[in-house]
Amino acid sequence: MKYVGEDREAPTGAPQEELATGERSTRNRVARSILDHGPSTVAELAGRLGLTHAAVRRHLDALVADDVVQPREQRVYGARTRGRPAKAFALTDCGRDAFDQSYDKLAMDALSWIAAREGGDDAVLAFARDRFAEQAAGYRGAVEAVGPEKRAEALAKALSADGYAATARSAPVGEQLCQHHCPVVHVAEKFPQLCEAETEIFSQLLGTHVQRLATIAHGDGVCTTFIPKASQASAPPVPPAPQLSTTTHKASARTAGRNPA
């Protein structure tokens with residue numbers, strides 16, 4: 001094992017957790033160098049970071065295995081020299097996502113622009129409905145492939161595949177769909193229309209009225225949606241209840257026989 005940024009052996013008895021942290025730190029430097037300078041060869045990375053070629057290759061192997069970088073053939077301009085050109089390593093989409101992004105700010109600015117110029121809150125809600133309807137198209141097949149009693153579980157699995165870390169669990173008078181992560185939470189804090197549109201889509205997918213009891217955007221630990229028992233699922237879908245305040249959420253949850261997650 002090596003010290004961070006060095007190419008000499010660590011002393012015997014060095015704490016393993018410190019060595020592991022050093023390895024991660026150096027790999028982050030390798031990935032950052034590729035981000036800053038574009039696709040890079042082993043020789044270019046070694047020169048910029050002060051590492052040997054062998055050390056760079058070892059870190060690149062780990063980054064490739066983690067789908068952070070990928071090798072590609074380097075373009076050769078002008079006269080080509082003898083031998084195969086060195087491979088250049090570029091960041092994957094997954095690798096780029098590991099660095100700071102401005103997606104939340106971009107989404108916030110776009111929705112603020114829509115709200116100010118294109119019809120106010122109703123326009124934001126229309127956008128949110130279209131967005132979630134498109135997203136739900138991929139969930140519909142999974143939900144409709146099972147019986148009513150399994151639909152909440154199928155929807156939870158589909159949501160989890162999109163990063164929502166969702167689960168479905170039984171409740172005395174129905175089920176609760178819990179989303180432990182919200183990829184758009186910072187935007188939803190300012191634009192509750194996103195939560196409203198998502199609740200409507202859940203109602204359509206599950207074929208029954210549902211009620212949102214808690215949301216991460218409102219400061220709750222989990223987004224919790226109450227779903228009536230399957231015996232009530234044959235009732236035609238109705239519009240979801242208006243977005244509730246945190247205090248009202250808790251009161252509604254007690255009425256449904258459950259505390260908010």
Side-chain angles (χ1 to χ4, degrees), residues 93 97 101-144 151-152 154-168 174-228 233 235-250 252-253 256 260-261:
D93 289 341
D97 287 344
Q101 302 284 2
S102 299
Y103 297 142
D104 280 353
K105 185 178 186 306
L106 177 62
M108 200 89 72
D109 290 346
L111 290 177
S112 296
W113 190 92
I114 291 173
R117 296 173 175 80
E118 296 294 328
D121 291 342
D122 289 342
V124 174
L125 179 58
F127 165 81
R129 283 171 171 161
D130 278 355
R131 178 187 182 276
F132 282 110
E134 183 177 350
Q135 184 175 337
Y139 305 157
R140 193 173 300 279
V143 173
E144 293 181 350
R151 287 180 179 173
L155 178 56
K157 289 181 179 179
L159 287 166
S160 292
D162 272 352
Y164 288 87
T167 58
E175 293 179 278
Q176 284 188 351
L177 178 68
C178 298
Q179 296 157 263
H180 302 272
H181 177 64
C182 176
V184 295
V185 61
H186 298 303
V187 182
E189 288 173 357
K190 182 174 180 180
F191 296 99
Q193 294 94 329
L194 296 177
C195 299
E196 181 180 345
E198 184 182 64
T199 305
E200 290 177 0
I201 289 297
F202 288 171
S203 177
Q204 294 170 18
L205 287 171
L206 298 170
T208 184
H209 170 69
V210 302
Q211 183 180 12
R212 186 58 63 87
L213 303 179
T215 65
I216 297 173
H218 282 148
D220 300 296
V222 180
C223 294
T224 306
T225 304
F226 171 70
I227 305 166
V238 297
Q243 195 68 36
L244 305 177
S245 67
T246 303
T247 302
T248 310
H249 280 163
K250 295 179 180 178
S252 298

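What's counted below: heavy atoms across the whole structure, side chains too, no hydrogens, waters or symmetry copies.
- The two atoms that bring H209 and P228 nearest to each other are O-CD, 3.0 Å, heavy atoms only.
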Evaluate side chain to side chain contact (heavy atoms under 4.5 Å, CB included) for T215 paired with E198, printing each intermediate quantity in order. CA-CA 11 Å; T215 65; E198 184 182 64; over 6 Å; no
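- Taking both residues in full, the closest heavy atoms of Y164 and Q179 are given as CD2-NE2, 3.4 Å, listed atom of the first, atom of the second, then distance.
- Between the CE atom in M108 and the CD atom in E189 there is a gap of 7.5 Å [rounded to 0.5 Å].
- Other residues, nucleotides and ligands contribute at most 12 non-hydrogen atoms within 6.0 Å of the NE2 atom of H186.
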What do the steps show when you test L213 against Q176 for side chain to side chain contact (heavy atoms under 4.5 Å, CB included), and what is the final call? CA-CA 9 Å; L213 303 179; Q176 284 188 351; 3.9 Å; yes
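- Between atom CG of residue D109 and atom CG of residue D104 there is a gap of 10.5 Å, rounded to the nearest 0.5 Å.
- Remark: L111 CG to L106 CG distance equals 9.5 Å, nearest 0.5 Å.
- Under a 3.5 Å cut-off, the side chain of T224 and the backbone N or O of C178 do not form any donor-acceptor pair.
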Quick one, F202 with L159, criterion side chain to side chain contact (heavy atoms under 4.5 Å, CB included). Give me CA distance, side-chain angles, the key distance, then yes/no. CA-CA 11 Å; F202 288 171; L159 287 166; 3.8 Å; yes
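- Contact detail for S112 and K190: the closest heavy-atom pair is OG-NZ, 3.2 Å.
- Listed here is the closest heavy atom pair of V124 and A115: CG2-CB, 3.8 Å.
- T225 contributes no side-chain N or O that, together with a main-chain N or O of R212, makes up a donor-acceptor pair within less than 3.5 Å.
- The shortest side-chain heavy-atom distance between D162 and Y139 falls under the 4.5 Å cut-off.
- Across all non-hydrogen atoms, the minimal contact from L177 to I227 is CB-CD1, 3.9 Å.
- Atom CD in E196 sits 11.5 Å away from atom CD1 in I201 (nearest 0.5 Å).
- Nearest heavy-atom pair, A168 versus A156, reported as atom, atom and distance to 0.1 Å: N-CB, 4.0 Å.
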Show the numbers, then the answer: is there a side chain to side chain contact (heavy atoms under 4.5 Å, CB included) between R129 and L125? CA-CA 6 Å; R129 283 171 171 161; L125 179 58; 3.5 Å; yes
